[in-house]
Amino acid sequence: QVQLAESGGGLVQPGGSLRLSCAATGSIFPFTMGWYRQPPGKQRELVATISSGGSTNYVDSVKGRFTISRDNTNRMVYLQMNSLKPEDTAVYYCKRGLNIWGQGTQVTVSS
């Protein structure tokens, strides 16, 4: 069973940046990979996806601020997050395909 491990979360001030990483123990090709987040007291929501061919999709609230990317050779997926806002505070999860999730990494945006 493939496992995913997220890293790179932490506490950052509004306007700051973080880069999240997702390391897979098995192949991420040809799966669509995604980043999701779950804000405190809310349901998990889609943030961004990237197909095996590199096509990307973002939720409107992060367009122009977040960038998803992938490295199939090294089995890594990244989420570059710029201009962070307090409402970006959440646990961020990596997902492979339809049903393999990581354990999540906490991102807190606060002054």
Side-chain angles (χ1 to χ4, degrees):
Q1 177 78 343
V2 171
Q3 294 182 327
L4 305 176
E6 301 93 338
S7 61
L11 174 63
V12 62
Q13 292 187 342
S17 297
L18 283 174
R19 187 193 195 206
L20 304 184
S21 299
C22 172
T25 60
S27 179
I28 63 171
F29 185 86
F31 300 95
T32 290
M33 300 297 296
W35 285 98
Y36 292 71
R37 65 187 180 187
Q38 187 164 14
K42 296 184 179 181
Q43 291 189 334
R44 195 173 298 188
E45 62 182 12
L46 172 69
V47 175
T49 61
I50 184 167
S51 72
S52 58
S55 297
T56 57
N57 180 58
Y58 298 92
V59 66
D60 285 347
S61 60
V62 307
K63 284 181 180 178
R65 300 189 298 123
F66 291 11
T67 302
I68 188 171
S69 60
R70 63 191 291 161
D71 178 348
N72 293 328
T73 300
N74 291 303
R75 303 178 301 205
M76 297 289 296
V77 183
Y78 303 99
L79 186 67
Q80 178 67 45
M81 305 187 296
N82 299 327
S83 302
L84 283 161
K85 304 175 180 180
E87 51 263 43
D88 294 318
T89 294
V91 178
Y92 284 71
Y93 297 90
C94 180
K95 183 183 178 185
R96 190 193 83 163
L98 296 178
N99 56 6
I100 296 181
W101 294 88
Q103 294 300 305
T105 185
Q106 176 70 47
V107 172
T108 303
V109 185
S110 175
S111 55

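All values derive from a computational prediction rather than experimental measurement.
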Please check if the side chain of [X] supplies one atom and the backbone of [Y] the other of a donor-acceptor pair under 3.5 Å.
X	Y	answer
Glu6	Gln103	yes
Arg65	Ser83	yes
Thr25	Gln3	yes
Arg96	Ser27	yes

To the closest 0.5 Å, what do you measure between [atom1] ([X]) and [atom2] ([Y])?
X	Y	atom1	atom2	answer
Asp71	Cys22	CG	SG	12.0 Å
Met33	Met76	CE	CE	10.0 Å
Ser51	Arg70	OG	CZ	7.0 Å
Thr32	Leu98	OG1	CG	8.5 Å
Ile68	Gln80	CD1	CD	12.5 Å
Gln106	Arg37	CD	CZ	12.0 Å

Just so I know, are the side chains of [X] and [Y] near enough to count as touching, which here means a heavy-atom distance under 4.5 Å?
X	Y	value
Leu46	Asn57	yes
Met81	Val107	yes
Val77	Ile28	yes
Ser110	Thr89	no

Which heavy atom of Ser17 sits nearest a heavy atom of Asn82, and at what distance? OG-OD1, 2.9 Å
Looking at Ser111 and Pro14, what are the two nearest heavy atoms and their distance? N-CD, 3.7 Å
Derivation of the side chain to side chain contact (heavy atoms under 4.5 Å, CB included) call for Val91 and Tyr93: CA-CA 7 Å; Val91 178; Tyr93 297 90; 3.5 Å; yes
Can you tell whether the side chains of Lys85 and Asp88 come within less than 4.0 Å, N to carboxylate O? no
Checking Leu84 against Phe66 for the side chain to side chain contact (heavy atoms under 4.5 Å, CB included) test, could you report, in this order, the C-alpha distance in whole Å, the side-chain angles of both residues, the deciding distance, and whether it holds? CA-CA 9 Å; Leu84 283 161; Phe66 291 11; 3.8 Å; yes
Test side chain to side chain contact (heavy atoms under 4.5 Å, CB included) on Thr105 and Leu20 and set out the steps. CA-CA 8 Å; Thr105 185; Leu20 304 184; 4.0 Å; yes
Hydrophobic cluster identity match, Tyr78 and Val62, side-chain contacts under 4.5 Å: no
Trace of the side chain to side chain contact (heavy atoms under 4.5 Å, CB included) decision for Leu79 with Thr67: CA-CA 6 Å; Leu79 186 67; Thr67 302; over 6 Å; no
Flag the pair Tyr36 / Trp101 as yes when their ring centroid distance falls below 6.0 Å, and as no otherwise. yes
